[in-house]
Amino acid sequence: METAVKTVELAPGIIWVGVEDWNRRFFDALIPLPRGTSYNAYLVVGRSRIALIDTVAPGFEDQLIAKIRVVVPPERIDYVVMNHAEPDHAGAIPAVMSAAPKAQVVATKKGVEIAGALHRIPESQCLTIRDGDTLDLGGKTLRFLEAPWLHWPETMFTLAIEDQILFPCDFFGSHMASDRLFDDEVSDVLIPEAKRYYAEIMMPFTRMVTAGLDKAKNSAPKIIAPSHGPVYRRPERILEAYEKWSRGRLAAKAVVMYVSMWRSTAHLATAVISGISAEGVEAVPFDLSTSDISHVASELVDASAVVLGSPTVIGGLHPTAAYALSLLKLLRPRLKLAAFFGSYGWGGGAATQARTLLEPTGCELLGVLDIRGTPGEKEIADAVLLGRKIAQRVKETIK
Ligand code: FEO
C-alpha cells in the first residue's frame, strides 16, 4: 500500500517538506521530549532557481527526499540553505547533496567551517554569505541575516522577502510533533511548550536572543517558520512571548527546588514555601527527586528567585541538588535572588557547597539555613522567616 507523502504550502512556491519525529524522547541526551519533535525543512521554488531551507535529522533522509520529489526533482535544487549546522537540521545535507549534485550549501563563514568538521562538506561546495546578502531565485528573493548563538555560533535566519516569511531555524521553535503545521491549528500547549524549549535552548544566550528578536521584528514577518514545531501564521504570538521571556519584567515568583532523604529538608521546604506565599509571592515547589528538570527550567525563565534545599550527603550537596545547580549555571536564567536550606545528621557540607556554587551566579544570596537533624518548632519558624524574607526582597526587586 502506498503511503501519502505529506507536504504543506506556506505560500505559492514555498512548501514545507519536513518530518515529524513522534517517538523521540530525549534531545542532546538531556532534554525530555514528551511530545516528540519535528524537523522542518522548506523548499523555495523560484522561476529560475530552487532552494531548500534546512534539512532533517539523520535517519529521516529518505522521507525528506521523497517529499522533495513530490514538489520538484531533487537534482534541480540549486541551494541548500544551512541556517544551523546541528545534525537535527544539517544531518541530511550529505544525502541531499548526493541527490542534488549541482547544489551549493549556503551558510555563514562559521557555518561553512562547522559543516566541514561535522558533516564533511567541502568548502568548494559551499557559498559563504554575510549578513544582509541576498539570493535571487526568480520572483523569490532570500535574504540572510546572521544571528549567532541562536543556538550555535554559526546560526543565521533566512527571510523570503516577497512573501515575508522568516525561517529562523531553532529560534522560536518548540519540541512537539503534530500532524497540524500551523500555530492556530494546534492545541493550547504550544506556548508552554515553546517556553520549555526557550528555557533549555535559548535562555543561556539572553543577550543574543534580544538581538535576534530585534532582527526578526525588523524583518516584519507575516509568517515565522522555525525548524522545530508549528509554523506561526500569527507571528505576534511568539514575538510577544520571546519579548516577555528575554527582557520582560520578572514575575513575583520564587522557584523552590529541593531534595530530601528522611523528610527533614522536605519539612523545611514546606515552611519556606508557606513564608513566601504568606507575603503574596508565588512559590513554585519542585521535589527534584520526582520532577522533570525541564519544567523547573521553564519556571526559571521568569522567576525572580531560586531557593535550593538539600540534605548533606557525605560532606556535600545531595547529587540531585548538585545536578540542578549545575543546570542552573548552564541555563543562566535572569534570576536576581537565591537562598539555601537543608539538614545534616552529623557533619554539614551541603550549605558550604551551595554557597560556593550560588555566589558566581550573580544572585543576591538572601540566606543559608543549615540545621542539624529533624526540624523542631524553632527551625520551622526560621524557615518560614526565610521564606518571608525572600518574598519581601522579590517584591522590592521587581518594583
Ligand atoms: Fe534544533 Fe540547535 O538544533
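No hydrogens, no waters, no symmetry mates; every other heavy atom, side chains included, goes into these values. Each ligand, and each atom within it, is numbered from 1 in the order the structure gives.
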Check residues 101-112 and write down every donor-acceptor pair under 3.5 Å in which the side-chain atom is one partner and the other belongs to a residue at least two apart or another chain.
{"unit_1": "K102", "atom_1": "NZ", "unit_2": "D78", "atom_2": "OD1", "d": "3.4"}
{"unit_1": "T108", "atom_1": "OG1", "unit_2": "G111", "atom_2": "N", "d": "3.0"}
{"unit_1": "T108", "atom_1": "OG1", "unit_2": "E154", "atom_2": "O", "d": "2.9"}
{"unit_1": "K110", "atom_1": "NZ", "unit_2": "E113", "atom_2": "OE2", "d": "3.4"}

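Salt bridge status for K244 with E240: absent, with no side-chain N to carboxylate O gap under 4.0 Å.
Relative ring orientation between F157 and F172 is described as tilted, the plane-to-plane angle lying within the 30° to 60° band.
Every pair passing ring-ring contact (aromatic ring centres under 6.0 Å, His included) that includes a residue from residues 118-149 is listed here, sequence neighbours excluded: W149-F205.
Screening Y39, F171, W152 for a ring pair (Phe, Tyr, Trp, His ring centres under 6.0 Å) with H84, the sole residue that qualifies is W152.
With waters neither drawn nor counted, the protein N/O/S atoms under 2.8 Å from atom 1 (Fe) of ligand 1 amount to 4.
Applying the salt bridge (Lys or Arg N to Asp or Glu O under 4.0 Å) rule to D382 yields the partners K378; only residues at least two apart in sequence or on another chain are considered.
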